[in-house]
Number of protein chains: 2
Amino acid sequence: MPQSGKHVTLKDLAAHAGVSRSTVSLVLQESPLVARHTRERVMAAARALGYVYNRGAATLRSARTATIGVVVHDIANPFFGAMVAGIDETLQNADYVSFLAGTGDSPARQQRLVQRLREQRIDALLLCPAENTPDALINTINTWGLPCIEVMRHVGEMPRGHYVGADIRTGLGRAVAHLVDQGHHRIALLTGAGHSSSDRERIAGYQHAMHEAGLAPDIRTGRNELTRCAGLERTLEIMRETSPPTALICHNDLMALGALLALARLNLTPGVDCAVIGIDDSDEAALSEPALCSLATHPHAIGQAAAELALACIAAPDSAPRRIVLDTSLRIRASADPSLYRLQESS
Amino acid sequence: MPQSGKHVTLKDLAAHAGVSRSTVSLVLQESPLVARHTRERVMAAARALGYVYNRGAATLRSARTATIGVVVHDIANPFFGAMVAGIDETLQNADYVSFLAGTGDSPARQQRLVQRLREQRIDALLLCPAENTPDALINTINTWGLPCIEVMRHVGEMPRGHYVGADIRTGLGRAVAHLVDQGHHRIALLTGAGHSSSDRERIAGYQHAMHEAGLAPDIRTGRNELTRCAGLERTLEIMRETSPPTALICHNDLMALGALLALARLNLTPGVDCAVIGIDDSDEAALSEPALCSLATHPHAIGQAAAELALACIAAPDSAPRRIVLDTSLRIRASADPSLYRLQESS
DNA sequence: GAAGCGTTTTGGATCGATCCAAATGCGACT
DNA sequence: AGTCGCATTTGGATCGATCCAAAACGCTTC
């Protein structure tokens, strides 16, 4: 059926269906103005000729691309994998399609990418900004009139535009409260170098929670590595101190899993000798040995929310900045609750 | 600096620089035809007016979008995360940008996505096809003249067009050989339902390797779940048999890690009572307890190779189908080699 | 049969770039 | 001075859709 000749255009359709180009255009836009039988004739022609809508051409006139850009700092990170899946799901339902690109935390590459995407005339941008992104970037994007939603991270102390993230602060409150319930007093926070907004958020939330509980904060910033390996090494160091903490809250699940490994190597029992709580509740958490207690951040839901906000911004530009902060939930498991220890055995 | 008025077009640039539109166009395409001082004047005008190239408009005339589509069946899968990172890296160097979308293994959604991307006039398509993709799809895409590269999976018995994947077959040969070296005879393969081409590839490679070694194959297909959980449950079942295998090769690392958990629950020592080998060599593998022996498939490199092939296809359309099969390497670790057991302790 | 009115349809201009054949400028050579 | 060659530059047509104001149509109503 498909023509092997050149491209079939709307003009060809018009000729084949015996109507004008304008009418065909209306049909393609599903306009209610056109009579039912005309629509059907045009649709039939489209099928017969193997017509393919040319979105680029439409864009040129109408300035809508049905396209959004997603820029994250680390594509390979499973958290972003899940987030991107959420974004994709929502966008597909709206018949949007998205560009995905990674910056590897380089502001320069980020700058180039944003420019590149602007040339593609994306309708909106979901940005999980690289560290040390200059404040100017967000302003610049705003002056372009390009709706931009910061996700998970934000440049500057407070998000200045639209923002979607997880309520780490309250979540850390829950984590600390749980540990206090379990009788812990020496609760340490293991995090990155403290430069990224995700570090700062964790530190602030932790400090607040510790203060509420009347405990002295014990913040262990590390290098910027947030990997299993970093968690392992850092924990080995810490647990060899003379009076080490009895509970560790880690920047993410990877580090927490590393911490569990470290405890195992030192022949300490996680959850008994030292409680460990991660952040993200990734797939690994529930299935590690022992199961890792983790603060669930729901990346999929965050992705969905961000995509929905983007669509809303496109529909109503220049709406007031919205800040969507999704609730987190503490998944209590053996690594921070000895009473659950090995219960799963019976499965 | 940026104009707050309407859009700055190439025509405005021409006026500002005192040359014709054609000349400006040549400058933007970095054509060598234009005199140096003219180029500089135009560039200066572009900066002064805050000009943004409109790729959509250019596309309309020149039929090149500098855009490719990436369609995978499971976006959230870390393997694809790494692969997409490789693709992205290569494309960014070529100043291409990519659409990413997931099918969730639904041929219908895949069909819609491919159509949608075609409307965007992508220059090439990287496709990791959904299971049960109709053979017709690849043919159809080919008649469209859209360069398509199948990645990791392929529809039909053999890839009919361009293909990039990992040489699982030879890799499994190495895995089996290693296990035989270690004195194993009852070596089982744990895989999915056997419907996807990745299942079939593993089964074929395993059968071949076992045959070479003069051993009887023992294939344990499961449901389609390829998760840690599936690996755990399946292994619990298998190891409770009267004479269970002494070595398990698992469909991927997730399942293998699940298998390790199962062994731990049964108080069996992985690598001693039962060897376990995974496939992918994901980050988790090296750091699990015990370290997981795994067949590295290098998703990042596969992504790069696929993207490079795509660029090559764009440069030279209708070139003969190429099949790039990247080598794998067996990462021998404690889970399949007791002599390495707990050596890492000393780290 | 003309006027009035709501529903459909239409032609031409337009979006912002590229392509191409032809024009221009300029120095060298006869 | 006239001609040729080379490096630059140019106008107009074009890509494939949308937008808009106006035309055509069909029906009632006077």
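Given the structure is predicted, the values throughout are model-derived calculations rather than measurements. Throughout, protein chains are lettered first and strands after them, A, B, ... in sequence-line order, and every chain is numbered starting at 1.
- Partner of A/V42 under the side-chain contact (heavy atoms from CB on, under 4.5 Å) criterion, chosen from A/V34, A/V19, A/L10: A/V19.
- In the displayed structure, A/R322 atom CZ is contacted under 6.0 Å by at most 12 heavy atoms of other residues, nucleotides or ligands.
- When all heavy atoms of A/A57 and B/L60 are compared, the closest pair comes out as CB-CD1, 3.7 Å.
- Side-chain N/O atoms of B/N93 and B/E89 include no donor and acceptor closer than 3.5 Å.
- One side chain, B/Q110 or B/T133, offers a donor N or O that lies under 3.5 Å from an acceptor on the other.
- Of the residues near DNA chain D, B/L26 and B/R61, the one whose nearest nucleotide (by heavy atom distance) lies more toward the 5' end is B/L26.
- Residue A/V19 is classed as a sugar-phosphate contact, given heavy-atom separations below 4.0 Å to backbone atoms only.
- Nucleic acid contact for B/S22: base, since at least one base atom lies under 4.0 Å from a heavy atom of the residue.
- A salt bridge links B/D95 with B/R55: the distance from a Lys NZ or Arg NE/NH1/NH2 to an Asp or Glu carboxylate oxygen falls below 4.0 Å.
- At a threshold of 4.0 angstrom between heavy atoms, the contacts of B/T23 include nucleobase atoms, whether or not backbone atoms are also involved.
- Distance CZ (A/R36) to C1' (C/dT9): 19 Å, rounded to an integer number of Å.
- Only one option out of A/L126, A/I87, A/V84, A/D88 pairs with A/L100 in a side-chain contact (heavy atoms from CB on, under 4.5 Å); it is A/V84.
- A salt bridge links A/R153 with A/E131: at least one charged nitrogen is closer than 4.0 Å to a carboxylate oxygen.
- Take the nearest nucleotide of DNA chain D for A/S62 and for B/G18: the residue whose nucleotide is more 5' is B/G18.
- Side-chain polar atoms of A/T23 and A/S20 form a donor-acceptor pair below 3.5 angstrom.
- Recorded end-axis angle for the helix from C/dG1-D/dC30 to C/dT30-D/dA1 stands at 70°, based on five pairs per end and rounded to 10 degrees.
- Contacts between chain B and DNA chain D, taken as any atom within less than 4.0 angstrom of a protein heavy atom, begin and end at D/dT8 to D/dG16.
- In this structure, B/R55 reaches neither bases nor backbone, as no heavy-atom distance under 4.0 Å exists between it and the strands shown.
- Within 4.0 Å of A/T59, counting heavy atoms only, lies no atom of the nucleic acid at all.
- A/L33 has its CG atom 13 Å from the P atom of C/dT10, to the nearest Å.
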